[in-house]
There are 2 protein chains.
Amino acid sequence: MKNYTDTLRSHNLKATPQRLAITDILYAHGHISIESLYDVMIKKFSSISLATIYKNINLMLENSFIQEVKLPNQKTVYELTKHSHSHIMCDRCGMVNDITIDLNAIVNTVSTLENFEVSKADLVLSGVCKNCA
Amino acid sequence: MKNYTDTLRSHNLKATPQRLAITDILYAHGHISIESLYDVMIKKFSSISLATIYKNINLMLENSFIQEVKLPNQKTVYELTKHSHSHIMCDRCGMVNDITIDLNAIVNTVSTLENFEVSKADLVLSGVCKNCA
DNA sequence: CGATTAAAGGATAAAAATTATTATTCATTT
DNA sequence: AAATGAATAATAATTTTTATCCTTTAATCG
């Protein structure tokens, strides 16, 4: 398992046990909601405060250490920042996975046609995953 | 201006003055948040309750009369249901607009490659609009 | 039309989610 | 190892959303 101590520090974040746990959980789960993150964290830190979760998630967001993924009809989940990518979400089991799709053609078309300077593309494809089908 | 009385009724929703106002506002604004909707509504109905806004928005969502659009770093907005489409959002002024993009190629690729049955694609392109550039 | 009825609105309370405050504890630097 | 600035936990305060209760109203039908 990767140790995130240095990564945290390079983002100007002290490497506290709580933060290392959060990063480990994010790494292990891929995507997780505040609620679920708290449920997992409370097992390791029986006295952790929900405010600590929020504070750290918001700090990590500001530092672009993590990113938020807003999903249709579901709670927002968070993931470690990686290369730009899209998501698939199963409406049955709630599974969320990364997918790499080349959106350059679309971005270029919109930039010229709409005269709109695109800097980011958030795409979520929802449907039914192979396990639930 | 279109009269939404019959449209509301066809969705099993009574055509009350408050609901007609909500649909008019949605039509005029294109996209609006709960907060802004309340701000506009209170001008016409000085004693309207915020709960009424929430109740109606949720009812209209259930009936697919309207749809919610989750935006990165911004409050969720709502729009009248229309043909499937994507959105562009300006990071400077907050403007949100519909755009029509053909995502069939992407959907098909993902369906076969990931063995995932796609039923919906939510795409938000963010950046800088022509007015803000 | 006017009465009936199921649904909607308004006021308010309650619940859920998020943020702010503060004293204490801890990670890092020297 | 001590000093210091930052993080944590506990708690309070806000904000957002939903539920309840009672009154009012839109739609239906004679």
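From a predicted model like this one, the values you see are computed outputs, not experimental measurements. Numbered from 1 within each chain, the chains take letters A, B, ... in sequence-line order.
- Of the candidate nucleotides D:dG5, D:dA9, C:dA17, C:dA17 has the atom nearest to the side chain of A:K75.
- At the phosphate of D:dT8, neither OP1 nor OP2 sits under 4.0 Å from any side-chain N or O atom of A:T52.
- Between A:N58 and C:dT19, a side-chain N or O to OP1/OP2 separation shorter than 4.0 Å is present.
- What separates CZ of B:R9 from C1' of C:dA6 is a distance of 15 Å, to the nearest Å.
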Q. Step by step, would you call A:Y38 with A:Y54 a side-chain contact (heavy atoms from CB on, under 4.5 Å)?
A. CA-CA 9 Å; A:Y38 179 67; A:Y54 276 106; over 6 Å; no

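- Atom P of nucleotide D:dT15 and atom OH of B:Y54 are separated by 13 Å, given to the nearest angstrom.
- For B:H31 and B:H29, the ring centers sit 6.0 Å or farther from each other.
- For C:dG10, the base has a donor-acceptor partner in the side chain of B:K55 [N/O atoms by modelled type, under 3.5 angstrom].
- Closest contact between the side chain of B:T16 and the listed nucleotides C:dA8, D:dT16, D:dA6 involves C:dA8.
- When the nucleotides C:dG10, D:dT17, C:dA27 are ranked by their closest atom to the side chain of B:S49, C:dG10 comes out on top.
- For the pair B:Q18 and D:dT25, the criterion of a side-chain N or O lying under 4.0 Å from OP1 or OP2 is not met.
- In this structure, of C:dT19, D:dT16, D:dA27, it is C:dT19 that holds the atom nearest to the side chain of A:A51.
- With distances taken from any side-chain atom of B:S47 to the nucleotides C:dT28, C:dT18, C:dG10, the minimum falls on C:dG10.
- When each of D:dT8, D:dA26, C:dT18 is scored by its nearest atom to the side-chain atoms of A:N56, the top-ranked nucleotide is D:dT8.
- A residue-by-residue look at B:L50 and B:R19 shows that B:R19 has its nearest nucleotide of DNA chain C further toward the 5' end.
- Side-chain N/O atoms of A:E62 and A:H11 include no donor and acceptor closer than 3.5 Å.
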